[in-house]
Amino acid sequence: MLLFSEYDKSLENVYISQPVVDINLGDTNSYLVRFPKFKRVTHIILAFDAENLFLKSKSSYGYFFNLESLLTNLEEKENRGYFVVAVTSNSNRQKQYNPYPRNGQENFATMHIESILENHLPQICSDYDIGVSNLKKIVMGASMGGLMSIKTSILNPSFDNIISLSPAFWFGFPGIIDDLNNLSKQSICNLSVGTKEGDIFGDKVENIFPNEWGLDFSNNNDFYISGVKKIQKELIINNIKTNFVFKEEGQHNETHWNPVLSEFLESI
């Protein structure tokens with residue numbers, strides 16, 4: 001059973017659970033819950049990398065979405081109410097957040113998503129008396145969390161509003177391309193990439209990834225762009241409604257993702 005306590009004194013409507021053991025990886029995750037103040041709940045958001053959502057002091061790399069401010073502004077502007085369930089990542093993130101492992105490796109990410117959807121999300125919604133049937137359902141993530149948001153919608157099509165910010169496609173390429181066939185035709189994918197995201201690789205991509213992927217290896221930035229645009233192309237081929245944001249000078253961090261996230265959320 002999940003028990004929640006105060007997340008931070010500056011956020012009176014955000015709570016955190018005790019650590020929950022992922023028995024498959026021998027590591028833990030915690031759940032954050034955010035509820036609207038003085039607003040009826042109209043949307044539910046399931047989010048990954050919860051530590052990067054609300055506070056810079058708790059973020060992994062010093063960047064954060066400033067999500068409370070973003071949601072509060074939308075709630076006032078659009079008369080909405082956002083209930084957020086978010087899951088922190090851990091030191092095994094590259095295994096737990098990769099739904100497309102290679103070489104017959106165990107799919108820890110799918111097991112993690114199934115545990116969220118089948119065990120913890122229903123309990124949290126019940127404890128907070130949230131009836132989800134009439135709510136708009138959003139699943140969001142960035143980088144590897146962007147892969148997780150797509151896979152979550154495949155596993156549970158009721159989360160039909162997908163926000164995938166700069167998905168780290170190379171972890172699951174080309175498996176993710178094949179899996180896009182399994183998205184519900186009723187889903188909407190909000191996808192983005194920036195023009196300055198290639199510095200995350202640490203080496204020239206031509207030295208890391210196989211040329212037979214058929215992507216743009218001319219430089220790291222163009223490689224990143226070409227991979228995300230390949231996802232966009234396949235979504236369109238599969239008749240999935242897609243909103244695509246190509247952000248000039250966009251970098252691979254929450255500060256640059258924040259305005260894109262705001263644009264996507266406002267459209268849902």
Side-chain angles (χ1 to χ4, degrees), residues 22 24-25 27 29 46-49 52 60 87 89-117 139-157 159-184 187-194 197-217 220-238 240 242 244 252-253 257:
D22 182 331
N24 299 300
L25 287 169
D27 210 332
N29 306 91
L46 176 59
F48 294 94
D49 290 313
N52 300 329
S60 299
V87 192
S89 58
N90 58 42
S91 60
N92 281 289
R93 185 172 183 272
Q94 291 194 5
K95 292 180 179 179
Q96 194 180 52
Y97 273 35
N98 182 10
Y100 306 100
R102 302 186 182 93
N103 304 319
Q105 296 175 338
E106 277 196 273
N107 197 324
F108 296 106
T110 294
M111 290 186 279
H112 181 47
I113 294 170
E114 289 173 342
S115 178
I116 294 168
L117 294 174
V139 58
M140 61 165 277
S143 195
M144 294 192 80
L147 297 182
M148 293 290 276
S149 65
I150 293 172
K151 187 65 176 181
T152 299
S153 186
I154 290 171
L155 293 173
N156 186 336
F159 279 90
D160 52 0
N161 294 286
I162 305 161
I163 296 177
S164 181
L165 304 164
S166 305
F169 63 88
W170 61 93
F171 278 96
F173 201 87
I176 185 175
I177 302 300
D178 297 332
D179 205 22
L180 294 175
N181 293 314
N182 296 314
L183 272 173
S184 166
S187 59
I188 299 172
C189 189
N190 299 277
L191 183 69
S192 73
V193 68
E197 301 205 44
D199 59 351
I200 66 167
F201 294 112
D203 193 2
K204 292 182 178 180
V205 290
E206 63 188 14
N207 299 330
I208 307 173
F209 305 111
N211 287 327
E212 54 263 31
W213 281 2
L215 301 176
D216 186 344
F217 282 83
N220 286 13
N221 287 329
D222 288 344
F223 175 79
Y224 206 125
I225 293 166
S226 68
V228 177
K229 284 193 170 182
K230 176 65 174 175
I231 293 174
Q232 178 200 19
K233 179 181 178 181
E234 292 299 318
L235 288 167
I236 294 171
I237 289 172
N238 284 291
I240 303 298
T242 306
F244 181 70
H252 198 81
N253 62 62
W257 290 324

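Keep in mind that this is a model prediction, so the values were computed, not measured.
Proximity of a side-chain donor or acceptor of Asp178 to a complementary backbone N or O of Gly175 within less than 3.5 Å is not detected.
From Phe48, atom CZ reaches atom CD1 of Ile116 across 4.5 Å, with rounding to the nearest 0.5 Å. The CG atom of Asp179 sits 10.5 Å away from atom CG of Leu147, with the distance rounded to the nearest 0.5 Å. Considering CG of Leu117 and CG of Leu46, their distance stands at 6.5 Å, rounded to 0.5 Å. With values rounded to the nearest 0.5 angstrom, Ile176 atom CD1 is found 7.5 Å from Ile154 atom CD1. With rounding to the nearest 0.5 angstrom, the CG atom of Asn92 is 5.0 Å from the CG atom of Leu25. To the nearest 0.5 Å, atoms CZ (Arg93) and CE (Met148) are separated by 9.0 Å.
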Name each donor-acceptor pair under 3.5 Å that joins a side chain in residues 159-171 to protein atoms two or more places apart or in another chain, with its distance.
unit_1	atom_1	unit_2	atom_2	d
Asn161	ND2	Lys137	O	3.2
Ser164	OG	Gly146	O	3.0
Ser166	OG	Glu197	OE1	3.0
Ser166	OG	Glu197	OE2	2.6
Ser166	OG	Trp257	NE1	2.8

Atom pairs and distances, side-chain donor-acceptor, residues 198-212, under 3.5 Å, sequence neighbours left out:
unit_1	atom_1	unit_2	atom_2	d
Asp203	OD1	Asn207	ND2	3.4

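The two residues Leu155 and Glu114 have their closest heavy-atom pair at CD1-CG, 4.3 Å. Counting all heavy atoms, side chain and backbone alike, Ser60 lies closest to Asn52 at N-OD1, 2.9 Å. Annotation for Gly141 and Ser149: closest pair N-CB, 3.9 Å, computed over non-hydrogen atoms. Scanning all heavy atoms of the two residues, the minimum distance from Gly172 to Tyr100 falls at CA-CB, 3.4 Å. Nearest approach of Arg102 to Phe173, heavy atoms of both residues: NH2-O, 2.9 Å. Here the closest heavy-atom approach between residue Ser91 and residue Asp27 is recorded as OG-OD2, 2.7 Å.
With sequence neighbours left out, the side-chain hydrogen bond (donor to acceptor under 3.5 Å, both in side chains) criterion links Ser89 to Asp49, Glu51. For the side-chain hydrogen bond (donor to acceptor under 3.5 Å, both in side chains) test, no residue two or more places apart in sequence or in another chain qualifies with Asn221. With sequence neighbours excluded, the residues that form a side-chain hydrogen bond (donor to acceptor under 3.5 Å, both in side chains) with Ser143 are His252.
The shortest side-chain heavy-atom distance between Leu183 and Asn238 does not fall under the 4.5 Å cut-off. Side-chain contact between Phe244 and Val228 is present, with heavy atoms from C-beta onward closer than 4.5 Å. Residues Asn156 and Ile113 fail the side-chain proximity criterion, which asks for heavy atoms closer than 4.5 Å. In this structure the side chain of Leu180 reaches within 4.5 angstrom of the side chain of Ile150, judged on heavy atoms.
The closest side-chain donor-acceptor pair between Gln105 and Asn98, if any, does not fall under 3.5 angstrom. A donor atom on one side chain and an acceptor atom on the other are found under 3.5 Å apart for Asn90 and Gln96.
Here salt bridge (Lys or Arg N to Asp or Glu O under 4.0 Å) pairs that include residues 220-238, with residues two or more places apart or in two chains, are Lys230-Glu234.
Relative orientation of the Phe223 and Phe217 rings is tilted, given thresholds of 30° and 60° on the angle between their planes.
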